[in-house]
Amino acid sequence: MTRARKSALPPTERLHPRADDLDLLPVEAVVRRLHQEDLIALRAVREALPSIATAARAVAEALRAGGRLLYVGAGTSGRLGVLDASECPPTFGVPAMRVQAAIAGGRKALTHAVEGAEDDVGAGARAVRAFRATGRDVVCGISASASTPYVRGALDAARERGARTVLVCCNPPGPLMRADTVVLARTGPEVVAGSTRLKAGTATKLVLNAITTAAFVSLGHVYRGRMVDVRPTNVKLRARAVRMVAELADLPPARAEALLEAAGDNVKLALAMHFTGLPAAQARRRLKDAGLRGLERPAKARAAPGGKPRPRTRP
């Protein structure tokens, strides 16, 4: 391949300058080189932080107004969108309908390559129409290459329906791939040329983590670093819920568990009941009006590490 032809390739498709001897290296050296590339992914995400914050604010605004975050992607990018969407309900206690995902090729594509699915522009548009996207929603296209036809069709359809659009990518998008906010993590060539499941996938996962976590934190689903809207649906999560109430209310575990039961296993409501001294129904109304930060008691009951009082802060 000529030098001119190589430079015409998008960055994620180019041959890595240090990959030619990869198949000659011992396993330890291959692992070390992969790790070095992962550090490049971290730096690429750091450079994209302003656009990540813009995307997170758009998502928070949409969710606050009753809208949704709708992911669309193909291959690794699509699977990462499905993964992030599936983890939001148990982490932040939100209905599954609030964060949804579509992947080119449908459910089968989660575990098997569906050849040609990513090239179907119309399928991307149909996915957005199936979501019944509106102006209250954010449609987030995920495409490491920034050129996936399926994602382009989805973003075009989203704009036609008035939805806010975000593109998460690792190559600069061309003029046909348009979005209100572009989150570009410039990860460059992979040590296995074109295998964007490597550092491009790592960067994409970090970006999606940041967008949804920042959005839900700003909406009050996290309090003092805890997942206070977690649903205690198994033994581990039940123990975590009791521990959160015990720590945040400065109660012995037995009293924390009783309070949690009185709150219907709702950690946030249990804390509101403790902070206000009110029964569940009244505490729920106070919680809705003020949030936990507005209800929390003075800091003397919450000692910081080392025994020093933790100052009362506002977000």
Side-chain angles (χ1 to χ4, degrees), residues 12 34-35 37-64 67-103 110 137-146 148 151 164-171 179-188 190 196-231 236-237 240 315:
T12 57
L34 288 168
H35 175 63
E37 293 298 301
D38 287 339
L39 298 179
I40 292 173
L42 287 169
R43 291 195 291 270
V45 172
R46 182 178 61 198
E47 294 299 316
L49 291 180
S51 56
I52 293 171
T54 298
R57 279 193 293 270
V59 170
E61 290 167 5
L63 293 170
R64 188 179 290 113
R68 301 165 295 169
L69 169 60
L70 306 171
Y71 285 129
V72 286
T76 297
S77 295
R79 294 181 193 104
L80 290 171
V82 172
L83 175 63
D84 197 64
S86 67
E87 290 181 342
C88 286
T91 304
F92 302 112
V94 296
M97 63 167 289
R98 303 302 300 282
V99 184
Q100 299 181 53
I103 182 171
L110 292 174
D137 300 323
V138 171
V139 175
C140 179
I142 313 168
S143 170
S145 69
T148 308
V151 173
R164 178 77 182 265
T165 54
V166 174
L167 172 65
V168 176
C169 55
C170 297
N171 289 330
D180 298 314
T181 301
V182 175
V183 179
L184 171 58
R186 297 177 183 267
T187 51
E190 304 282 3
T196 51
R197 59 179 283 271
L198 299 177
K199 63 182 173 183
T202 298
T204 298
K205 180 67 167 71
L206 293 173
V207 169
L208 301 186
N209 282 350
I211 289 173
T212 47
T213 302
F216 282 113
V217 167
S218 73
L219 292 172
H221 292 275
V222 174
Y223 173 68
R224 295 191 175 275
R226 277 88 161 184
M227 296 185 291
V228 288
D229 278 320
V230 68
R231 297 172 182 172
K236 180 187 75 172
L237 294 179
R240 181 184 295 166

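Everything numeric here is computed off the predicted structure, so don't read it as measured data. The analysis underlying the following values was restricted to heavy atoms, covering all of them including side chains, and did not include hydrogens, waters or symmetry mates.
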Quick one: are [X] and [Y] in side-chain contact, heavy atoms under 4.5 Å?
X    : Y    : answer
E37  : E190 : no
S145 : T196 : no
L49  : I52  : yes
R57  : S218 : no

How many angstroms lie between [atom1] in [X] and [atom2] in [Y], if you round to the nearest 0.5 Å?
X    : Y    : atom1 : atom2 : value
D180 : C140 : CG    : SG    : 11.5 Å
E87  : T213 : CD    : OG1   : 9.5 Å
N209 : D84  : CG    : CG    : 6.0 Å
Y71  : S77  : OH    : OG    : 12.0 Å
T54  : I211 : OG1   : CD1   : 10.0 Å

Smallest separation among heavy atoms of [X] and [Y], with atom names:
X    : Y    : value
F92  : D229 : O-CB, 3.1 Å
A96  : P89  : CA-CG, 3.7 Å
V183 : A55  : CG2-CB, 4.2 Å
R68  : A62  : O-CB, 4.4 Å
T204 : C170 : OG1-SG, 4.1 Å
I103 : A74  : CG1-CA, 4.4 Å

Exercise. List the steps, then state whether side-chain contact (heavy atoms from CB on, under 4.5 Å) holds for K205 with L83.
Key: CA-CA 9 Å; K205 180 67 167 71; L83 175 63; 3.5 Å; yes

Is there a donor-acceptor pair under 3.5 Å between the side chain of [X] and the backbone N or O of [Y]?
X    : Y    : value
D38  : T202 : no
R98  : G67  : yes
Q100 : M97  : yes
K199 : T187 : yes

- Return the orientation label for the F216 and H221 ring planes: parallel under 30°, perpendicular over 60°, tilted otherwise.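 F216 vs H221 ring planes: perpendicular.
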
- Query: Between T181 and R164, is a side chain to side chain donor-acceptor pair (under 3.5 Å) present by the stated rule, with each step listed?
  - Reply: CA-CA 9 Å; T181 301; R164 178 77 182 265; 3.2 Å; yes

Give me the one residue out of T212, L184, V168 that meets side-chain contact (heavy atoms from CB on, under 4.5 Å) with V207.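 Testing each of T212, L184, V168 against V207, the sole residue satisfying side-chain contact (heavy atoms from CB on, under 4.5 Å) is V168.
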
task = Scan L80, V72, L208 and name whichever one has a side-chain contact (heavy atoms from CB on, under 4.5 Å) with I142.
result =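 So the option named by the test is L208.
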
Near R231 CZ, under 6.0 Å, is it more than 12 heavy atoms from other residues, nucleotides or ligands?
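More than 12 within 6.0 Å, yes.
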
